[in-house]
2 protein chains.
Amino acid sequence: MNRPGSRSGTTMNDVAAAAGVSQATVSLVLNDAAGTRFSEETRRRVNAAAHELGYRTNAHAKVLRDGVAGMIGFVGDFVATAPFAGKIIEGAQARAWEAGLLLLTVNTGGDKALEAASLETMLSYKVAGVVYAAMYHRVLDVPDVLAEVPAVVLNSRDRSGRFPSIAPQEELGGYTATKRLLDAGHKRIAMINIGAVDGELPAAVGRYAGYLRALKEAGLHPDPGLHRIGDGHESGGFDNALALMTGPQPPTAIFCANDRTAWGTYQALAQLGLSIPHDVSLVGFDNQETLAPHLRPGLTTLELPFLEMGRRAIELLLAGAERDGSTEYFECPLVERHSVTAPLRFTHSH
Amino acid sequence: MNRPGSRSGTTMNDVAAAAGVSQATVSLVLNDAAGTRFSEETRRRVNAAAHELGYRTNAHAKVLRDGVAGMIGFVGDFVATAPFAGKIIEGAQARAWEAGLLLLTVNTGGDKALEAASLETMLSYKVAGVVYAAMYHRVLDVPDVLAEVPAVVLNSRDRSGRFPSIAPQEELGGYTATKRLLDAGHKRIAMINIGAVDGELPAAVGRYAGYLRALKEAGLHPDPGLHRIGDGHESGGFDNALALMTGPQPPTAIFCANDRTAWGTYQALAQLGLSIPHDVSLVGFDNQETLAPHLRPGLTTLELPFLEMGRRAIELLLAGAERDGSTEYFECPLVERHSVTAPLRFTHSH
DNA sequence: CCGGGTTGGTAATTCGTATAACCCAGCCCC
DNA sequence: GGGGCTGGGTTATACGAATTACCAACCCGG
């Protein structure tokens, strides 16, 4: 107990002793070092001994000498609390593993003290880089300490402009969603947003901007009464859909700025006895996999490409992150299901 | 570039030089080692120098000496793919952090080669222990290599009986769910299961056993036609609920063995024009947070205590895991919402 | 039979930290 | 005035792997 590393396992010295060679030989043989010549016999004996004794390299000794560890830090304000956000970790972890790296993950839950402490710990483990991920797209302040290592901001943008960021292309998403409804023949298209459009929520602002652009491009004059501010939850969809559909000039289609809002809208429409897509067409946003495919009918929505974004974050880190604050935007592809069809009037007017 | 550790940062030697003392003094002062005497002046100088230079301990050097790292491996076949499973990591990570430990997480996605390789890597990093977590409760085979470190199986049971396991108390859950419906006055209670009761799915087997026990305890004779095997998805709930309610003697209440099944049941009942809970009472299982609270009406269900289970796994590891294969079962508390009320007949017969 | 090349390996050092063992100056006390 | 204690530090070493420099033996040609 007094001796450190009491159950430390087999070391190269043990292997060397068993094979009757020096520790240096073991190292060189096991690592297949270039430019060394050893007899086949020696190689065989070393490999056999290593296998026999169940030798496993001590990563810490290696890192101590080489300076950089095979680990990447992943700090998020969520980890997996957000239902869909798991994808972002999954992507990051998969890409990291392809490079032989492991992820050191911490879910701060927004706790700044925990965040600072875990970043310190990660740095003391000489991580090759840090991914600083956010649960929802926003503009955030990155802790200064991250300047010491390669770092990238994921699913948000760095306010200071010091770090490369990765975020979804919200405006294009809003445009695509709206265009889908326009192409189906709709003219009165409402939007239930997930926040104010003058706030700091890029998703709300961007998706709305895309909605407006599509409308204008189609030569339509946006009706302010058709844009409603929800809260991103079911109730926001429910209440606003109810108001919209019982108003004087109800829309024939609704673009819900996220899937939860769309779900609330489904519930409101069901309560009003309106059918989707026959009476009202719907497009959502997020492609939340526990929700969108399982609604009846399946929800046509835009996918947040979290898997790819997670992968890309690691890739940037590995590429050395040119240390500029540029943001890389990812397109949100349309996922077609069954919540959109032509409007009644349109069909009938044929 | 040739020299290793080129940007290794400040070391104790740098601090020692700056403070005009030896490296040993720096170590002893910074670690507040017991049984040493240093003048206040020296302590001050050392601390000042350390702070000034931004000294951060090199965790690898420490581990190399001490033998054990401040990290715990977390291997799962999901990480966060399963919507609710994030809680399990969250709990584990939170508890680990309280002990000053970081989590090294890997999502294997069921890939055995990746699993083996990442376990090797974790062991080479001298993790203090490994949590082997499963997406759904089952009996699984733990890789032999885990015998080399403290390990605990989370949300499943180890077939070999070598490792302590943590799992939810399925039978009691099924009993509690059914009892809730019995207490409300229901007599014809159906169950839509999430798998066969002769299979290897403890959730399906256990919850059913609990259902039967509650029924028998109430002096009721279980009607075999009222127990249906679904698939754990919405469609399993939808199809079976439809069949159940359009049959000769429909139930007045349904226990759905998970929330997704319950959701499908909601959709089927809506289609039949039946109201919840007035026409049919419902109890679910899982308390899936993206689902159960947002259904209309809110779903009364049983909570899978993942947060606590995750915490407990780390706790067992820290306690040294007595290395027996006993399973610790966690109770699933009932979460009351609005999907249960008295049956019509019952109310009227008053 | 000596110089030089090749073959097959080893000794020694380095990374940064923790700690056991030791050392020295000053002071007290008999 | 010498022995012993105490306060205040230092020296040396180990942890495990990678790597550079070096070395010994052998072979071959002239």
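In what follows, every chain begins at residue 1, and chains take the letters A, B, ... in the order their sequences are listed. Owing to the predicted nature of the structure, the values given are computational and were not obtained by experimental measurement.
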Review point. Within the structure, does a side-chain N or O atom of A/Tyr55 lie under 4.0 Å from either OP1 or OP2 of D/dA17?
Key: yes
Check your understanding: Closest approach of B/Met71 and B/Leu101, non-hydrogen atoms and distance?
Key -> N-CD2, 4.1 Å
Review point. For B/Asn31 and C/dT17, is the shortest distance between a side-chain N/O and OP1 or OP2 below 4.0 Å?
Key: no
Check your understanding: Touch check for B/Thr57, heavy atoms < 4.0 angstrom, all strands: base, sugar-phosphate only, or nothing?
Key -> sugar-phosphate
**Study point:** Sugar-phosphate only, base, or nothing, as touched by B/Val63 at under 4.0 Å among non-hydrogen atoms
**Key:** nothing
**Study point:** Rounded distance (Å) that lies between atom C1' of D/dG8 and atom CD of B/Glu40
**Key:** 13 Å
**Study point:** Closest to the A/Val21 side chain, choosing from C/dG16, C/dT10, C/dT19
**Key:** C/dT10
Exercise for review: Rounded off to whole Å, could you give me the CG-to-C1' distance for the A/Asn13 and D/dC15 pair?
Suggested key: 10 Å
Point to revise | Given D/dA17, C/dT17, D/dT10, the nucleotide with the shortest approach to the side chain of A/Lys62 | key: D/dA17
Check your understanding: Do the side-chain N and O atoms of B/Tyr125 and B/Glu120 include a donor-acceptor pair separated by under 3.5 angstrom?
Key -> no
Check your understanding: Nearest nucleotide by nearest heavy atom, which residue falls closer to the 5' end of DNA chain D, B/Phe38 or A/Arg56?
Key -> B/Phe38
Exercise for review: With the side chain of A/Ser39 defined as its heavy atoms from C-beta on, choose the nearest nucleotide among C/dT19, D/dG9, C/dG9.
Suggested key: C/dG9
Review point. Is the number of heavy atoms from other residues, nucleotides or ligands within 6.0 Å of CD (A/Glu98) greater than 12?
Key: yes
Exercise for review: Check every atom of D/dG9, C/dC15, C/dT17 against the side chain of A/Arg65 and return the nucleotide holding the closest atom.
Suggested key: C/dC15
Exercise for review: Please determine if a side-chain N or O atom of A/Thr42 lies less than 4.0 Å away from the OP1 or OP2 oxygen of C/dG9.
Suggested key: yes
Point to revise | Distance below 4.0 Å between B/Thr11 side-chain N/O and C/dG16 OP1 or OP2 | key: no
Check your understanding: DNA chain C: A/Ser22 or B/Ala33, which has the more 5' nearest nucleotide?
Key -> A/Ser22
Review point. Which whole-number value in Å describes the distance from A/Arg43 CZ to C/dG9 C1'?
Key: 12 Å
Point to revise | Between D/dA18 (C1') and B/His60 (NE2): distance, integer Å | key: 16 Å
**Study point:** Any side-chain donor near an acceptor of the partner, A/Thr105 and B/Thr105, under 3.5 Å
**Key:** yes
Review point. B/Leu64 has an atom CG; how far is it from atom C1' of D/dT13, in whole Å?
Key: 13 Å
Check your understanding: How close or far is atom P of C/dT6 from atom CZ of A/Arg37, stated in whole angstroms?
Key -> 10 Å
Practice item. Could you check how far CE of A/Met12 sits from C1' of C/dT10, rounded to whole Å? Key: 15 Å
Study note, to complete from the structure: note: A/Asp32, atom CG; D/dA17, atom C1'; distance rounded to Å ~ 16 Å
Check your understanding: Has B/Tyr125 got a side-chain N or O lying under 4.0 Å from the OP1 or OP2 atom of D/dG16?
Key -> no
Check your understanding: Among D/dA18, C/dA18, D/dT10, which nucleotide sits nearest the side chain of B/Gln23?
Key -> C/dA18
Check your understanding: Between C/dG16, D/dT10, C/dT10, which one does the side chain of B/Leu28 approach most closely?
Key -> D/dT10
Exercise for review: Could you pull out the closest heavy-atom pair between B/Met12 and B/Tyr55, with the gap in Å?
Suggested key: CG-OH, 3.3 Å
Study note, to complete from the structure: Minimal heavy-atom distance between A/Val29 and A/Arg43, with the atoms involved, is CG1-CA, 4.1 Å
